[in-house]
S.K.: 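Structure below; questions to follow.
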Amino acid sequence: DAKTTQPPSMDCAEGRAANLPCNHSTISGNEYVYWYRQIHSQGPQYIIHGLKNNETNEMASLIITEDRKSSTLILPHATLRDTAVYYCIVRVEWPNAGKSTFGDGTTLTVKP
Amino acid sequence: KAGVTQTPRYLIKTRGQQVTLSCSPISGHRSVSWYQQTPGQGLQFLFEYFSETQRNKGNFPGRFSGRQFSNSRSEMNVSTLELGDSALYLCASSSGQGSNSGNTIYFGEGSWLTVV
């Protein structure tokens with residue numbers, strides 16, 4: 001699986017958009033970009049994923065650059081409950097979907 | 001739909017003992033993977049099972065083992081526990097099949113193991 005690079009920490013004001021960057025310059029053509037978050041002492045929560053098109057769901061939007069070497073997770077209106085560690089990972093869909101390599105992630109702190 | 005269920009949530013063991021952790025995947029999911037999370041090493045992949053067969057294995061000693069049953073439920077076992085095995089053990093499940101966007105992995109809440 002390709003390696004990802006994320007800033008170790010970020011702050012965001014409550015109600016503002018949180019933009020979390022991820023660099024994955026060695027991504028392969030068949031690797032997807034996945035985002036998870038982990039709130040202290042809980043299991044990682046799936047947020048969103050994509051291959052090359054931008055994606056949006058009820059939680060967030062994922063913007064992937066045209067060369068696929070980086071992506072940005074956008075939380076449109078951050079709340080205090082969005083404070084968590086956010087992980088960006090890249091991996092193939094099959095057959096090794098279960099084997100994912102997690103980096104250190106970005107600790108997002110949403111402030112009132 | 002119920003999520004991934006892990007038991008027990010918390011347990012304390014003594015060095016040298018063994019421990020078995022259990023995981024029930026999301027209904028219909030056939031792939032179960034296990035991860036270890038520690039403050040120093042982060043989230044590390046242990047192994048993945050699909051249809052009762054180990055499909056992938058991480059870089060952990062042989063003291064760490066697992067198995068999957070015909071109903072896709074899985075157990076992992078750690079023998080001869082060491083202090084360094086204290087960690088959050090996470091189970092994740094996915095459909096495990098080669099379908100488009102069908103392999104998102106979903107995590108359980110984890111089992112906190114403390115070795116004293």
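Per chain, numbering begins at 1; letters A, B, ... match sequence-line order. Treat the numbers as computed from the prediction; the structure is a model and nothing was measured.
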S.K.: Verify the cluster assignment for B:L21 and B:L83: are they in a single hydrophobic cluster under the rule of side-chain heavy atoms below 4.5 Å apart?
M.R.: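 Both belong to a single hydrophobic cluster.
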
S.K.: More than 12 foreign heavy atoms under 6.0 Å from CG of A:D104: is that the case here?
M.R.: no

S.K.: Quick one: which of A:Y36, A:Y46, A:Y34 gives a side chain to side chain contact (heavy atoms under 4.5 Å, CB included) with B:I105?
M.R.: A:Y36

S.K.: Using the rule that Ile, Leu, Val, Met, Phe, Trp and Tyr join whenever any side-chain heavy atoms are under 4.5 Å apart, tell me whether B:L11 and B:M76 fall into a single cluster.
M.R.: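 Cluster IDs for B:L11 and B:M76 match.
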
S.K.: Say you draw a straight line from OH of B:Y106 to CD of A:Q45; how long is it, rounded to the nearest 0.5 Å?
M.R.: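 It is 10.5 Å, given to the nearest 0.5 Å.
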
S.K.: Under a 4.5 Å heavy-atom cutoff, which of B:Q37, B:E109, B:K57 has the most pairs with chain A?
M.R.: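 When all of B:Q37, B:E109, B:K57 are compared, B:E109 has the most.
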
S.K.: Just wondering, do B:Y35 and A:F102 contact through their side chains at under 4.5 Å, heavy atoms?
M.R.: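 The answer is yes, as the side chains (C-beta and beyond) meet within the 4.5 Å cut-off.
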
S.K.: Working to the nearest 0.5 Å, report the span between CD of B:E48 and OG of A:S100.
M.R.: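 B:E48 CD to A:S100 OG: 8.5 Å, rounded to 0.5 Å.
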
S.K.: Closest approach of A:G43 and B:L90, non-hydrogen atoms and distance?
M.R.: CA-CD2, 3.7 Å

S.K.: Should A:L80 and A:I47 be regarded as members of a common hydrophobic cluster, given that ILVMFWY residues are connected when their side-chain heavy atoms come within less than 4.5 Å of each other, either directly or indirectly?
M.R.: yes

S.K.: Can you tell me which portion of B:L88 sits under 4.5 Å from chain A's heavy atoms? Options are side chain, backbone, both or neither.
M.R.: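 For B:L88, side-chain heavy atoms alone lie under 4.5 Å from chain A.
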
S.K.: Select one option (side chain, backbone, both, neither) describing which atoms of A:Q38 are under 4.5 Å from chain B's heavy atoms.
M.R.: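 The side chain, not the backbone.
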
S.K.: State whether the number of non-hydrogen atoms from other residues, nucleotides or ligands found under 6.0 Å of A:R16 atom CZ is greater than 12.
M.R.: no

S.K.: Any link between A:I74 and A:L108 through a network of hydrophobic side chains (Ile, Leu, Val, Met, Phe, Trp, Tyr) touching at under 4.5 Å?
M.R.: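 Unlinked, A:I74 and A:L108 end up in two clusters.
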
S.K.: I'd like to know if A:Y86 and A:M59 are part of one continuous hydrophobic network [Ile/Leu/Val/Met/Phe/Trp/Tyr, side-chain heavy atoms within less than 4.5 Å].
M.R.: yes

S.K.: Under 4.5 Å heavy-atom distance to chain A, tell me which part of B:Q6 shows up: side chain, backbone, both or neither.
M.R.: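 Answer is neither: B:Q6 stays 4.5 Å or more from chain A.
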
